[in-house]
Each structure stands twice: as structure tokens, then as C-alpha cells.
Amino acid sequence: MHILLIAGGRSGEHEVSLSSARGVLAAMPHSTTLAVIAKDGKWLLETSARRALEAGVAEHGEHAFPPPIDWPAYDVAFPLLHGRWGEDGTIQGFLELLGLPYVGAGVTASALCMDKDLCKRVLTQAGIPVVPWVTFYRGEAAPEPHFRPPYFVKPANTGSSVGVSKVKADQDGQSALEEAFRWDNKALVEMGLEGVRELETALLGNIHARASVVGEITYQSEFYDYETKYTDGLAQLHIPAHIPEALSRQIRDVAVEAYRVLGIRGLARADFFLAQDGTLYLNEFNTMPGFTPTSMYPKLWQASGLSYPELLDRLVRLALE
């Protein structure tokens with residue numbers, strides 16, 4: 001079986017994608033060719049792609065889209081792209097047009113999970129609790145939230161906490177709005193929950209998923225921002241989480257049901273908040289989570305009895321189902 005691994009991308013998570021790709025290439029049990037999308041949207045192939053991977057970043061590519069790739073030579077594409085133009089249904093739509101099977105969620109589920117506002121609306125309609133929020137577009141008057149500070153201001157379509165700010169009662173939220181609109185034309189103002197526990201489970205399967213053990217993330221920073229996520233030592237992963245079995249089962253059950261409601265295929269990581277009053281909120285779904293050997297998604301599966309190479313093999317085979 002021959003796999004085309006696509007990494008990099010135009011989003012603010014370009015470097016994270018390349019870091020994930022290094023881990024996947026080292027462990028993939030099938031023949032794999034790398035293609036890298038530079039920050040300018042052009043592609044790098046063969047030796048140039050490898051050099052970009054070693055450098056950890058590619059500012060400029062060589063081939064305009066669509067790149068000169070022999071697409072029929074590959075059995076499965078693995079679009080290991082985080083954020084916009086990769087995790088939002090765009091590359092998935094191109095692969096659908098090619099008729100090339102690919103790892104991960106399809107066009108609709110990818111776009112839905114990328115847009116935090118739309119994802120919350122669907123989950124709310126399905127009766128799954130989410131953190132209260134309001135949404136508005138660039139150029140509209142900022143809405144008056146029906147909750148008090150602190151609150152978070154987020155771009156609707158970014159991952160890895162890119163563009164996210166926390167606004168406290170004594171702060172003006174204008175700079176937070178400006179930062180969110182640097183990344184997207186739609187922003188969310190979301191109620192800030194103080195003292196929450198952040199719990200995650202990994203999912204694997206096509207529509208009807210299996211859930212891993214539950215893990216917990218702890219950190220000392222104000223919130224789980226980009227720097228905390230990707231700087232060694234700033235966050236700690238606790239696998240499995242020290243929680244009652246009934247709560248673990250509830251998290252897994254809610255994650256599996258939400259996965260089905262959103263129509264996700266392949267994989268996802270479901271992130272939850274456990275409030276101080278015991279309320280469980282589904283925060284978001286990540287349809288292409290970080291994939292370094294030390295990332296939460298593969299580590300959750302390792303703790304559930306599935307090794308990193310076995311996980312990659314299972315993902316490739318799910319793409320062919």
C-alpha cells in the first residue's frame with residue numbers, strides 16, 4: 001500500500017503539522033511519500049519536501065496548485081493538515097474530486113467541526129451541552145453577552161488556540177476582538193468557566209466510533225493557549241485522568257454520540273470542560289489532532305492498548321472502508 005502524506009499548509013498551525021508529519025513518517029507501517037504545502041500555498045515535492053520537514057517550516061513552495069503529483073499512484077492520502085485550508089473541508093473536497101481515499105473526516109464534517117459556531121449549534125440541537133456563546137461577523141456591532149466576564153474571544157475557524165484571548169472584568173475586549181478578526185471574519189464570545197478541568201478522549205472509526213481512555217491536561221498559564229500547548233514543560237498530560245469511572249464512561253458516551261451526530265469518519269479528539277458544579281461541557285472536536293508521538297491523541301490510544309504504528313495502520317484502513 002502506498003500513502004501520500006500531505007503536511008504544512010497555509011494556516012497558523014503550519015509548523016505543528018510538520019512536527020506531526022515527522023512522527024507519522026517514522027512510524028507509518030506502509031510505504032509513504034511526503035508532500036509539503038508551504039505558507040504561500042505552493043507545494044514542495046520529493047527532496048524539497050524532505051528539506052522543509054527537516055527545517056520545520058516552509059515559507060515558499062515551488063509548484064502552484066494543483067501540484068504535478070501522480071495521484072493514481074497512491075492508495076490513500078493522509079492530509080495531516082491542521083487548521084484552515086486543510087482541516088476545514090477544502091483539501092478533502094479536492095481529494096473527493098480526484099476519487100482518492102483519504103484519512104479523516106469528509107467535507108461536511110470537517111467544515112462543521114472547524115467552525116466553532118456551527119458545531120456548537122448542531123450539538124445544542126442534539127441536546128449535548130456546550131459552553132454558552134454569542135457570535136458576530138466583522139463589521140457588525142459587538143453583541144452584549146448574556147454572561148459576565150471573564151469570557152473568551154475566539155476566531156470561529158482556527159485551531160490550537162490561535163487568535164484566542166481571555167477578557168477579564170477590568171479589561172476592554174476591543175483588542176481581543178481585533179486579534180480574533182486577524183484570523184477570521186467571524187468571532188465567538190464564549191463564557192469563561194473558572195476552575196474547570198480539561199478532559200479529552202480520542203475517537204476512532206467511521207461514524208460509529210470507539211473511544212479511548214480519558215486523559216486530562218493541567219497547566220499553570222492563564223488558559224491553554226498556543227504557547228502552552230507547544231512549549232515543552234508548560235502543560236502536563238495525565239493518562240488516564242484521575243476521575244470516577246462513571247464520569248469517564250459519561251465522557252466517552254457523549255463523545256461517541258456527538259461523533260455520530262456530526263458525521264465524522266476516521267478520527268477525532270473530543271475536548272471537554274468539567275465545571276466546578278459538576279456540569280460537563282463538550283468544548284470542541286478536532287478532526288485532525290496533533291500527531292507527534294507525544295501528542296495527546298496517539299498517547300490516549302497507547303494507553304488503550306493500540307500502539308502508534310497500529311493506530312496509523314488502522315486509520316489508513318478506515319479510509320478504504
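Source: prediction; values computed, not measured.
Between Leu112 and Val122 there is a side-chain heavy-atom pair separated by less than 4.5 Å. Taking the side chain as every heavy atom from C-beta outward, Val36 and Trp43 never approach each other to under 4.5 Å. The closest side-chain heavy-atom distance from Leu188 to Phe136 is not below 4.5 Å. With contacts defined as side-chain heavy-atom distances shorter than 4.5 Å, the pair Tyr297/Thr201 does not qualify. Between Val24 and Phe78 the shortest side-chain heavy-atom distance falls below 4.5 Å. Residues Glu198 and Glu216 fail the side-chain proximity criterion, which asks for heavy atoms closer than 4.5 Å. In this structure the side chain of Leu312 reaches within 4.5 angstrom of the side chain of Pro29, judged on heavy atoms. In this structure, the side chains of Met1 and Val316 come closer than 4.5 Å at one or more pairs of heavy atoms.
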Donor-acceptor contacts, no H, no angles, side chain residues 94-107, under 3.5 Å, sequence neighbours left out:
{"from": "Glu96", "atom 1": "OE2", "to": "Tyr102", "atom 2": "OH", "distance (Å)": "2.7"}

List, one per line, each side-chain donor-acceptor pair under 3.5 Å for residues 58-69, sequence neighbours excluded.
{"from": "Glu62", "atom 1": "OE1", "to": "Ser48", "atom 2": "OG", "distance (Å)": "3.3"}
{"from": "Glu62", "atom 1": "OE2", "to": "Ser48", "atom 2": "OG", "distance (Å)": "2.9"}

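From Ile3, atom CD1 reaches atom CG of Leu25 across 11.5 Å, with rounding to the nearest 0.5 Å. To the nearest 0.5 Å, atoms CG (Leu81) and CG (Leu5) are separated by 8.5 Å. Atom NZ of Lys299 sits about 13.0 Å away from atom CD of Glu200, to the nearest 0.5 Å. Here CG of Leu318 is found 4.5 Å from CG of Asn206. Values are rounded to the nearest 0.5 Å. Atom OG1 of Thr279 sits about 8.0 Å away from atom CG of Leu274, to the nearest 0.5 Å. Annotation: the span from Leu80 atom CG to Ile6 atom CD1 amounts to 10.0 Å, rounded to 0.5 Å.
Side chain of Ser20 to main chain of Val16: a donor-acceptor pair is present (N/O by atom type, distance under 3.5 Å, no hydrogens or angles). Of the possible polar contacts, one joining the Tyr259 side chain to the Leu267 backbone as a donor-acceptor pair under 3.5 Å is found. Looking at His14, its side chain does come within 3.5 Å of a backbone N or O of Gly9 through a donor-acceptor pair. Panel note: side chain Lys154, backbone Glu190; no donor-acceptor pair is recorded below 3.5 Å. In this structure a side-chain-to-backbone donor-acceptor pair under 3.5 Å is missing from Glu178 to Ser175. Listed for the Ser11 side chain is no donor-acceptor partner under 3.5 Å among the backbone atoms of Trp85. For the pair Tyr308 (side chain) and Phe291 (backbone), a donor-acceptor distance under 3.5 Å is present. Looking only at distances, no side-chain donor or acceptor of Asn286 sits under 3.5 Å from a matching main-chain atom of Arg269. The closest donor-acceptor contact from the side chain of Ser110 to the backbone of Asp88 lies at 3.5 Å or more, if one exists at all. For the pair Glu87 (side chain) and Thr287 (backbone), a donor-acceptor distance under 3.5 Å is present.
When every heavy atom of Gly86 is checked against every heavy atom of Gln92, the shortest pair comes out as O-NE2, 3.0 Å. Smallest separation of non-hydrogen atoms from Val214 and Ser248: CG2-OG, 3.6 Å. Considering every non-hydrogen atom in both Trp183 and Gly12, the closest pair reads CZ3-CA, 4.2 Å. Scanning both residues, Leu53 and Arg22, for their nearest heavy atoms gives O-NH1, 2.8 Å. Annotation for Ala7 and Leu18: closest pair CB-CD2, 4.1 Å, computed over non-hydrogen atoms. Here the shortest heavy-atom pairing between Asp184 and Pro155 reads CB-CB, 3.9 Å.
For the residue pair Asn157/Arg84, the side-chain donor-acceptor check at 3.5 Å is not satisfied. Side-chain contact, Thr292 with Ser295: a donor N or O sits under 3.5 Å from an acceptor N or O. Side-chain atoms of Thr47 and Arg51 form no donor-acceptor pair, as typed in the model, at a separation below 3.5 Å.
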Please test Leu204 against Arg314 for side chain to side chain contact (heavy atoms under 4.5 Å, CB included), starting from the C-alpha separation and ending with a verdict.
CA-CA 9 Å; Leu204 184 65; Arg314 181 70 182 125; 3.7 Å; yes

Step by step, work out the ring pair (Phe, Tyr, Trp, His ring centres under 6.0 Å) result for Tyr137 and Phe181.
CA-CA 9 Å; Tyr137 290 86; Phe181 284 130; 8.8 Å; no

Evaluate Trp301 against Val213 for side chain to side chain contact (heavy atoms under 4.5 Å, CB included), listing each step before the verdict.
CA-CA 8 Å; Trp301 282 117; Val213 299; over 6 Å; no

Side chain to side chain contact (heavy atoms under 4.5 Å, CB included) evaluation trace for Val167 with Val189:
CA-CA 10 Å; Val167 179; Val189 178; over 6 Å; no

Side chain to side chain contact (heavy atoms under 4.5 Å, CB included) for Thr218 and Leu237? Distances and angles first, verdict last.
CA-CA 7 Å; Thr218 59; Leu237 309 184; over 6 Å; no

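Here Val130 pairs with Lys120, Leu123, Thr124, Trp133 under the side-chain contact (heavy atoms from CB on, under 4.5 Å) rule; sequence neighbours left out.
Here Lys186 pairs with Asp115 in a salt bridge; the nearest charged N to carboxylate O distance falls below 4.0 Å. Of the charged side-chain nitrogens involved, at least one lies within less than 4.0 Å of a carboxylate oxygen, so that Glu194 and Lys166 count as a salt-bridged pair. A salt bridge links Glu245 to Arg252: at least one charged side-chain nitrogen sits closer than 4.0 Å to a carboxylate oxygen. Taking the charged nitrogens against the carboxylate oxygens, Arg317 and Asp313 do have a contact shorter than 4.0 Å, which makes a salt bridge.
The aromatic rings of His2 and Tyr74 lie tilted to each other, with the angle between the two planes from 30° to 60°. Under the 30°/60° scheme for interplanar angles, the aromatic rings of His238 and His242 are found to be tilted.
When the side chains of ILVMFWY residues are joined at heavy-atom separations under 4.5 Å, either directly or via intervening members, Leu306 and Val256 end up in two distinct hydrophobic clusters. Linking Ile, Leu, Val, Met, Phe, Trp and Tyr residues whenever their side-chain heavy atoms come within less than 4.5 Å leaves Met288 and Leu262 in two separate clusters. Ile243 is not connected to Leu300 by any chain of hydrophobic side-chain contacts under 4.5 Å among Ile, Leu, Val, Met, Phe, Trp and Tyr, and they are in different clusters. Under the 4.5 Å side-chain heavy-atom criterion for Ile, Leu, Val, Met, Phe, Trp and Tyr, Ile264 and Leu203 are members of the same hydrophobic cluster. Ile251 and Val196 end up in different hydrophobic clusters when Ile, Leu, Val, Met, Phe, Trp and Tyr side chains are linked at under 4.5 Å.
Crowding of Glu140 atom CD: a count of heavy atoms from other residues, nucleotides or ligands under 6.0 Å exceeding 12.
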